[in-house]
Number of protein chains: 2
Amino acid sequence: MKDNHCINGEICPVNQAESDQDNHCVKPECTIKQALKMIDGKWKLPIICTLGGQTMRFNELKREIAGITSMMLTSSLKELEECGIVYRESYHEVPPKVEYSLTDEGLSLTPILFDLGHWGNKLNMMKDKVNG
Amino acid sequence: MKDNHCINGEICPVNQAESDQDNHCVKPECTIKQALKMIDGKWKLPIICTLGGQTMRFNELKREIAGITSMMLTSSLKELEECGIVYRESYHEVPPKVEYSLTDEGLSLTPILFDLGHWGNKLNMMKDKVNG
DNA sequence: CTGGATCCTCCCGGATACTG
DNA sequence: CAGTATCCGGGAGGATCCAG
């Protein structure tokens, strides 16, 4: 057991059985956490859901997502792009035109997220039933 | 369009089409966020994965989960219990004995989380391939 | 053994103003 | 139109000590 670079980017105590060939920890909790980190933050989910299958421009997204600032939209889009969820196409024109869309991998994430939402709803309905 | 109590517990601008019969916002991003909130925080995921199908005592969990403090274990377990993911059985003995396990709903969450982890791994392998 | 109470630190994200 | 730069407050969570 030694401290190692975990797949989720943090230091994680890991033994041989929990490591891959690069000595990265691959414990379920860490791979899941690493996936969750990609959609972490206040605005990633709204961005992903608003984009859906569409292609949208920066200000179009900003209008659709109530309350988001330019700065948060910029940084969130950049992080989503870096991890491969969002595709960014910049047309070098004046005035600037930049289009955003989900990558195939981003699209393949959405059914999993919907499962998660469905699971949460089911759990809540059970709680409501218990509480009357 | 008016501000309403969202299903995820926050105030959310919502129109009629996005509301249920109780005027709760049911936008996908909000139901998903509500589900994610249940497993939010640094320790919920380690707890869920460590528990798995087992029944474990407080200090047993504390030993298994490297780095967690009593306080974080207590509060995380309590939140997981309140939302119906964890079942808590307290035997009124001296010294105290408390056992924790996943509820059926908690167990039904794990395959979804594994899907999420698998999705993240796939995405990372694609990135590695691109970067060489 | 199973927690509770307090204090403290770090960083996410909001507000505002500015730019190619 | 599509961003950047800077400042700042609040809350999550760690450390430490205490309790039934």
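Below, chains carry the letters A, B, ... as their sequence lines are ordered, and counting in each starts from 1.
Nucleotide C:dT2 holds its P atom 10 Å from the NZ atom of B:Lys97, rounded to whole Å. Summarising the geometry, the separation between CD on B:Glu93 and P on C:dC1 is reported as 13 Å, rounded to the nearest angstrom. Atoms CE (A:Met71) and C1' (C:dC12) sit 10 Å apart, rounded to a whole Å. The separation between B:Lys44 atom NZ and D:dG13 atom P is 8 Å, rounded to whole Å. Between the CE atom of B:Met72 and the P atom of C:dC7 there is a distance of 18 Å, given to the nearest Å. The separation between A:Ile68 atom CD1 and C:dG13 atom C1' is 11 Å, rounded to whole Å. For the pair A:Asn59 CG and D:dC1 P, the interatomic distance rounds to 5 Å; values are reported in whole Å. Taking atom CG on A:Leu73 and atom C1' on C:dG13, their separation rounds to 14 Å, with Å as the unit.
Side-chain nitrogen and oxygen atoms of B:Arg57 include none within less than 4.0 Å of the OP1 or OP2 phosphate oxygen of C:dC1. OP1 or OP2 of C:dG3 sits under 4.0 Å from a side-chain N or O of B:Arg88.
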Mind running side chain to side chain contact (heavy atoms under 4.5 Å, CB included) on B:Trp119 and A:Met38 for me, showing each step along the way? CA-CA 11 Å; B:Trp119 169 86; A:Met38 299 186 194; 3.8 Å; yes
Passes side chain to side chain contact (heavy atoms under 4.5 Å, CB included), B:Tyr100 versus B:Leu77? Steps please. CA-CA 8 Å; B:Tyr100 296 93; B:Leu77 281 170; 3.6 Å; yes
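Residue contacts shown for A:Tyr100 are limited to sugar-phosphate atoms, with no base heavy atom under 4.0 Å away.
Judged by closest nucleotide on DNA chain D, A:Pro95 is the one of A:Pro95 and A:Thr74 placed further toward the 5' end. The residue among A:Lys42 and B:Ser70 whose nearest nucleotide of DNA chain C is located toward the 5' end is B:Ser70. Residues B:Pro96 and A:Lys62 each lie close to DNA chain D; by heavy-atom proximity, the contact nearer the 5' end of the strand is made by A:Lys62.
Taking each heavy atom of A:Lys33 and B:Lys42 in turn, the nearest pair found is NZ-O, 2.9 Å. Of all heavy-atom pairs spanning B:Ile112 and A:Asp115, the tightest one is CD1-O, 3.8 Å.
Considering only the side chain of A:Trp43, C:dG14 comes nearest among C:dG14, D:dA2, C:dG4. With distances taken from any side-chain atom of B:Val98 to the nucleotides D:dA15, D:dG3, C:dG3, the minimum falls on C:dG3. Of the candidates C:dT6, C:dG3, D:dA2, C:dG3 carries the atom nearest the B:Phe58 side chain, counting heavy atoms from C-beta on. In the set D:dT4, D:dA2, C:dG4, the nucleotide with an atom closest to the side chain of B:Lys78 is C:dG4.
A salt bridge links A:Lys44 with A:Glu79: the distance from a Lys NZ or Arg NE/NH1/NH2 to an Asp or Glu carboxylate oxygen falls below 4.0 Å.
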